[in-house]
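Quick note: residue numbers are just sequence positions, from 1. Treat the numbers as computed from the prediction; the structure is a model and nothing was measured.
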Amino acid sequence: DEKEIQEFFDVAVSVARKAGEVVKEAFYKEKTIDTKSCGTDLVTETDQQVEALIIGALKEKFPSHSFIGEETVSSGGKCNLTNTPTWIIDPIDGTTNFVHKWDNSKELKINNWLLIVILQVTVVIGVVYNCIKDEMYTGRKGLGAFCNGVQLRCSSCTDLSSALGITELGASREPSEIEVRIRNFRRLAEEPARVHSIRMQGSAALNMCSVASGAADFYYEYGIHVWDIAAAGIIAEEAGATLVDPSGEPLDLMARRVLVTCNKTIAQEVAKYLECIDLPRD
Ligand code: IPD
């Protein structure tokens with residue numbers, strides 16, 4: 001019910017702020033770096049520490065809920081979406097940015113982490129906190145999406161040739177996958193698609209929030225996981241975005257691929273140019 005969801009939301013935002021403080025503090029320090037699925041899939045002790053902090057705080061408040069955490073899953077934990085209220089957690093989305101202290105300008109350092117709760121298979125709240133810039137993105141089913149209290153709306157772009165897109169290289173170095181990524185990139189760059197440009201920001205969540213705020217018109221990626229897209233998904237949706245599978249079919253949160261656009265027209269257009277990569281499900 002509404003009161004309960006309000007409580008989930010308030011707790012999520014306050015836990016996000018606390019975890020953000022830990023990430024921000026660690027951002028400028030030396031890090032212990034390890035790898036997961038391959039040599040370009042990075043993890044730090046802060047990812048693990050912050051995930052434990054978030055899950056610990058949430059479990060204390062909501063002991064009957066379920067949890068899916070990026071780092072817990074990569075160390076052998078379960079990734080089961082059921083009808084139990086479930087929090088899906090990515091402690092640092094943009095670990096590669098975090099490791100490199102990626103610095104666009106002196107101010108802009110990208111570094112998010114996110115939380116979501118799913119109730120009866122519907123995502124009801126999403127929180128993405130960019131702790132370096134102190135930007136709190138939130139979305140709630142039927143109640144809109146906001147960043148620091150300002151309502152978010154997607155752009156009204158309907159012409160792919162004036163669109164700004166975002167994608168990512170991703171962690172996989174499998175040659176056949178890299179080829180598909182390059183072909184997709186080229187098709188979007190060339191006539192007749194000829195998009196204005198394509199960015200790479202290093203965080204799926206931030207990319208989706210960029211579509212939600214109207215800064216970008218589309219984002220697609222293959223190889224992401226449910227924790228990279230679930231929270232930002234509801235934020236984007238509540239800002240008016242269209243979320244589909246890059247084939248144009250309905251989105252499957254566990255299928256490890258996503259296309260987020262400012263509207264349906266751009267979704268259909270982008271999907272025409274994308275060749276899909278099939279990956280093992282989450
Ligand atoms: C990664 C980021 C990145 C995307 C990768 C994700 P992580 O998340 O979202 O932009 O290209 O596919 O794994 O590992 O830093 O949480």
Asker: Would a distance-only check, ignoring hydrogens and angles, find a side-chain to backbone donor-acceptor pair under 3.5 Å from D93 to D228?
Answerer: no

Asker: Side chain to side chain contact (heavy atoms under 4.5 Å, CB included) for Y222 and E168? Distances and angles first, verdict last.
Answerer: CA-CA 8 Å; Y222 300 91; E168 294 289 338; over 6 Å; no

Asker: Please tell me if the side chains of I266 and C157 come closer than 4.5 Å, counting only heavy atoms from C-beta onward.
Answerer: yes

Asker: Report yes or no: do R140 and T138 form a side-chain donor-acceptor pair below 3.5 Å?
Answerer: no

Asker: Decide yes or no for L160 and Y273: does some side-chain heavy atom of the first lie under 4.5 Å from some side-chain heavy atom of the second?
Answerer: yes

Asker: Quiz question: by atom type and distance under 3.5 Å, do the side chains of T86 and T84 form a donor-acceptor pair?
Answerer: no

Asker: Linking I/L/V/M/F/W/Y whenever their side-chain heavy atoms sit closer than 4.5 Å, directly or via other members, would I234 and I68 fall into one cluster?
Answerer: yes

Asker: Answer with yes or no whether the side chains of S247 and D245 bring together a donor and an acceptor at under 3.5 Å.
Answerer: yes

Asker: Charged N to carboxylate O below 4.0 Å: is that the case for D159 and R194?
Answerer: no

Asker: Do side-chain atoms of D252 reach the backbone of V244 as a donor and acceptor pair under 3.5 angstrom?
Answerer: no

Asker: Would you say the side chain of Y220 lies within less than 4.5 Å of the side chain of V260, judging by non-hydrogen atoms?
Answerer: no

Asker: For residues P85 and F62, determine if any side-chain heavy atom of one lies less than 4.5 Å from a side-chain heavy atom of the other.
Answerer: no

Asker: Tell me whether S203 contacts the main-chain N or O of G94 through its side chain, where contact means a donor paired with an acceptor under 3.5 Å.
Answerer: no

Asker: Sequence neighbours excluded, which residues qualify as side chain to side chain contact (heavy atoms under 4.5 Å, CB included) partners of I235?
Answerer: V128, Y137, A145, L152, C209, A212

Asker: Salt bridge between K36 and E71, side-chain N to carboxylate O under 4.0 Å?
Answerer: yes

Asker: Please check if the side chain of E51 supplies one atom and the backbone of P91 the other of a donor-acceptor pair under 3.5 Å.
Answerer: no

Asker: Tell me, with the steps shown, if I166 and F218 meet side chain to side chain contact (heavy atoms under 4.5 Å, CB included).
Answerer: CA-CA 6 Å; I166 316 177; F218 68 89; over 6 Å; no

Asker: Residues two or more places apart in sequence or in another chain: which of them pass salt bridge (charged side-chain N to carboxylate O under 4.0 Å, His left out) with K61?
Answerer: none

Asker: Would you say the side-chain atoms of N148 and E135 include a donor-acceptor pair closer than 3.5 Å?
Answerer: no

Asker: Decide whether E177 and S172 meet the rule of one side-chain donor and one side-chain acceptor closer than 3.5 Å.
Answerer: yes

Asker: Any donor and acceptor pair, going by atom type alone, linking the side chain of E70 with main-chain N or O of D90 inside 3.5 Å?
Answerer: no

Asker: Group every Ile, Leu, Val, Met, Phe, Trp and Tyr by side-chain heavy-atom contacts under 4.5 Å, then state whether M200 and I182 land in the same group.
Answerer: no

Asker: Using a 6.0 Å distance limit plus a 45 degree cone around the ring axis, check whether R17 lies over the aromatic ring of Y129.
Answerer: yes

Asker: Just checking, is any N or O donor in the side chain of E275 or N184 under 3.5 Å from an acceptor N or O on the other one?
Answerer: no

Asker: What residues, two or more places apart in sequence or in another chain, satisfy side chain to side chain contact (heavy atoms under 4.5 Å, CB included) together with S14?
Answerer: K18

Asker: Once ring pair (Phe, Tyr, Trp, His ring centres under 6.0 Å) is applied, do any residues pair with F9, and if so which ones, sequence neighbours excluded?
Answerer: none

Asker: Taking NZ, NE, NH1 and NH2 as the nitrogens, is one of them in D278 or R257 under 4.0 Å from a carboxylate oxygen of the other?
Answerer: yes

Asker: Do T35 and D41 have side chains that approach each other closer than 4.5 Å (heavy atoms only, starting at C-beta)?
Answerer: no

Asker: Taking the side chain as every heavy atom from C-beta outward, state whether T96 and H100 have any pair of such atoms under 4.5 Å apart.
Answerer: yes

Asker: Do E269 and K272 pass the salt bridge (charged side-chain N to carboxylate O under 4.0 Å, His left out) test, and can you show the C-alpha distance, the side-chain angles, and the key distance before you say yes or no?
Answerer: CA-CA 5 Å; E269 280 295 299; K272 278 200 318 212; 3.0 Å; yes

Asker: Just by modelled atom types, is the R281 backbone N or O under 3.5 Å from a matching donor or acceptor in the R256 side chain?
Answerer: no

Asker: Tell me, please, whether F27 has K31 positioned over its six-membered ring: NZ or CZ under 6.0 Å from the ring centre and within 45 degrees of its axis?
Answerer: yes

Asker: Just checking, is any N or O donor in the side chain of T44 or D47 under 3.5 Å from an acceptor N or O on the other one?
Answerer: yes

Asker: Is the backbone of V43 close enough, under 3.5 Å, to the side chain of T95 for a donor and an acceptor to pair up by distance?
Answerer: no

Asker: Residues two or more places apart in sequence or in another chain: which of them pass side chain to side chain donor-acceptor pair (under 3.5 Å) with S155?
Answerer: D217

Asker: With ILVMFWY side chains joined below 4.5 Å, transitively, what does V99's cluster contain besides itself?
Answerer: I33, L42

